[in-house]
Each structure stands twice: as C-alpha cells, then as structure tokens.
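Here, residue 1 is the first one in the sequence, and each next residue gets the next number.
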Amino acid sequence: MQRRDAIEKIMNSIDDELVICNIGFPSRELYDIEDRKENFYMIGSMGLASSIGLGLALSQPEKDVVVIDGDGALLMNMGSLVTVKACNPGNLTWIVINNGAYGSTGNQETYAKNLDLKEIADSVGIKSHNFTTISLKRLIEDDECHFIEFNCEPGNSEAPIIDLTPEFIKERFMKTIHE
C-alpha cells in the first residue's frame, strides 16, 4: 500500500472533521481523492501540520481535528510531540503516514526506518496506535488525543497540482471553521 491508498482509507472515516494535511504530494493526493471545504492543504511549512492542527484543536474545541502528516515532517518537528502531549486536546487525532521517505522531494529515505514512531509517541504519554489495529472513526469521536502511525510503502501517485490559490484555501477553510 502506498500513501495515496492510506489517505483514501483515512478519508473513509471522515465526515465533517477538519483535516490539516502535510505539504506536497500528500496534500495533492488528498485534493485529488476528496476536495472539501473542511480540508486545509499545506502549501509550505514542512513539519508544521501538527502545530497548525494543535492550534486549531485548542481554538475550536467543539470540532474534531485530524492531522494527516508524514514521517519526514514529524522528524523535522519532534518537539511537536511534547507540545501536543502538554496541551492534550481531546479533539485532536494525529495520523503520521510512515513511508520512510521524503516523498515530495524525490523519495529520499528518512531516519524513520530506524525508529518506532509509535513507541516515541508512547514515551511522551500520547495515546498511540497502529492504523491497522484501530477503528479510526471511534478514536476520532472519543474525546481523547491520539497519535496513529500508518505504515506504507514509499511512492507518489500521479495526483494533479492543486489548482486553488493559497489565499482561497485559507479563506475557504476559515469560513468553514466559523460556520
């Protein structure tokens, strides 16, 4: 299974949740699979999807927030694990698609192949899971903060470039938050 397949599986459990998606190909694949006003596509700022998702979860406690992140992005911002645990928002579900590669820059290997990301999340006290052993919908709805590692193979699909401007993505998403 590749990342696009993982994103499709994730989206099968998504209804009206707010989704923050990692930069590059993950956002392109999500856009191609299911563009919706509740999706925020990262255009830049690798490593910060989790931080944006955390801020959103804290500022919108009545809405469920799902972050679709990558192993390379997590490795760029390891401090986010501790910050998420310290804030512990019950409406945040953080999914890290671990394909062992920086997919958007040429599929160079990450160090995630040498690490157990779930174990790292466990070590800071975040409830963590492997995607294959959980009901995503149940975790999203249970009012606890969760970290989910979704392992897959490296590779990018032929997803098209997102034809929305960054301003449009931001304004559409902000309008959705305030509905």
Pairwise ring-ring contact (aromatic ring centres under 6.0 Å, His included) hits with a residue in residues 43-78, at least two apart: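 For residues 43-78, and leaving out neighbouring residues, there are no ring-ring contact (aromatic ring centres under 6.0 Å, His included) pairs at all.
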Determine whether a donor-acceptor pair (N or O, by modelled atom type, separation under 3.5 Å) exists between the side chain of [X] and the backbone of [Y].
X	Y	answer
Asn91	Gln60	yes
Ser27	Asn22	yes
Asn39	Glu34	yes
Ser128	Lys118	yes

Work out which heavy atom in [X] is nearest to a heavy atom in [Y]; give both atom names and the distance.
X	Y	result
Val96	Gly70	CG1-C, 3.6 Å
Pro26	Ile7	O-CD1, 3.7 Å
Asn77	Gly47	ND2-O, 2.9 Å
Ala112	Asn98	CB-OD1, 3.6 Å
Val19	Arg36	CG2-NH1, 3.5 Å
Thr110	Gly72	CG2-CA, 3.9 Å

Between atom [atom1] of [X] and atom [atom2] of [Y], what is the distance when rounded to the nearest 0.5 Å?
X	Y	atom1	atom2	answer
Glu149	Thr132	CD	OG1	10.0 Å
Ile148	His129	CD1	NE2	6.0 Å
Phe147	Lys85	CZ	NZ	14.0 Å
Ile126	Asp122	CD1	CG	9.0 Å
Glu29	Ile68	CD	CD1	10.5 Å
Leu136	Thr93	CG	OG1	6.5 Å

Is the shortest heavy-atom distance from the side chain of [X] to the side chain of [Y] under 4.5 Å?
X	Y	result
Ile134	His146	no
Leu58	Leu54	yes
Val124	Val84	no
Gln2	Ser157	no
Arg172	Leu164	yes

From CA spacing to verdict: salt bridge (charged side-chain N to carboxylate O under 4.0 Å, His left out), Lys9, Asp5: CA-CA 6 Å; Lys9 285 184 175 284; Asp5 304 313; over 6 Å; no
ILVMFWY network linking Phe25 to Ile162, side-chain heavy atoms under 4.5 angstrom: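 No.
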Over 12 foreign heavy atoms within 6.0 Å of CD, Glu8: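 Enclosed.
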Residues Asp32, Arg4; criterion side chain to side chain contact (heavy atoms under 4.5 Å, CB included); working and verdict: CA-CA 10 Å; Asp32 192 41; Arg4 182 186 178 95; 3.0 Å; yes
Steps toward salt bridge (charged side-chain N to carboxylate O under 4.0 Å, His left out) verdict (Lys127, Asp142): CA-CA 12 Å; Lys127 291 188 177 201; Asp142 80 354; over 6 Å; no
Criterion side chain to side chain contact (heavy atoms under 4.5 Å, CB included) against Asp71, the qualifying member of Asn99, Asn151, Ile97: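 The side chain to side chain contact (heavy atoms under 4.5 Å, CB included) with Asp71 is passed solely by Asn99 among Asn99, Asn151, Ile97.
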Aromatic plane relationship, Phe40 with Phe173 - under 30° parallel, 30 to 60° tilted, over 60° perpendicular: tilted
Residues forming a side chain to side chain donor-acceptor pair (under 3.5 Å) with Lys137, sequence neighbours excluded: Asp15, Glu17
Ionic contact status for Glu171 with Lys175, cut-off 4.0 Å: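 Salt bridge flag = no for Glu171 with Lys175.
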Contacts of Tyr31 that satisfy ring-ring contact (aromatic ring centres under 6.0 Å, His included) - sequence neighbours left out: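 Only Tyr41 meet the ring-ring contact (aromatic ring centres under 6.0 Å, His included) criterion with Tyr31.
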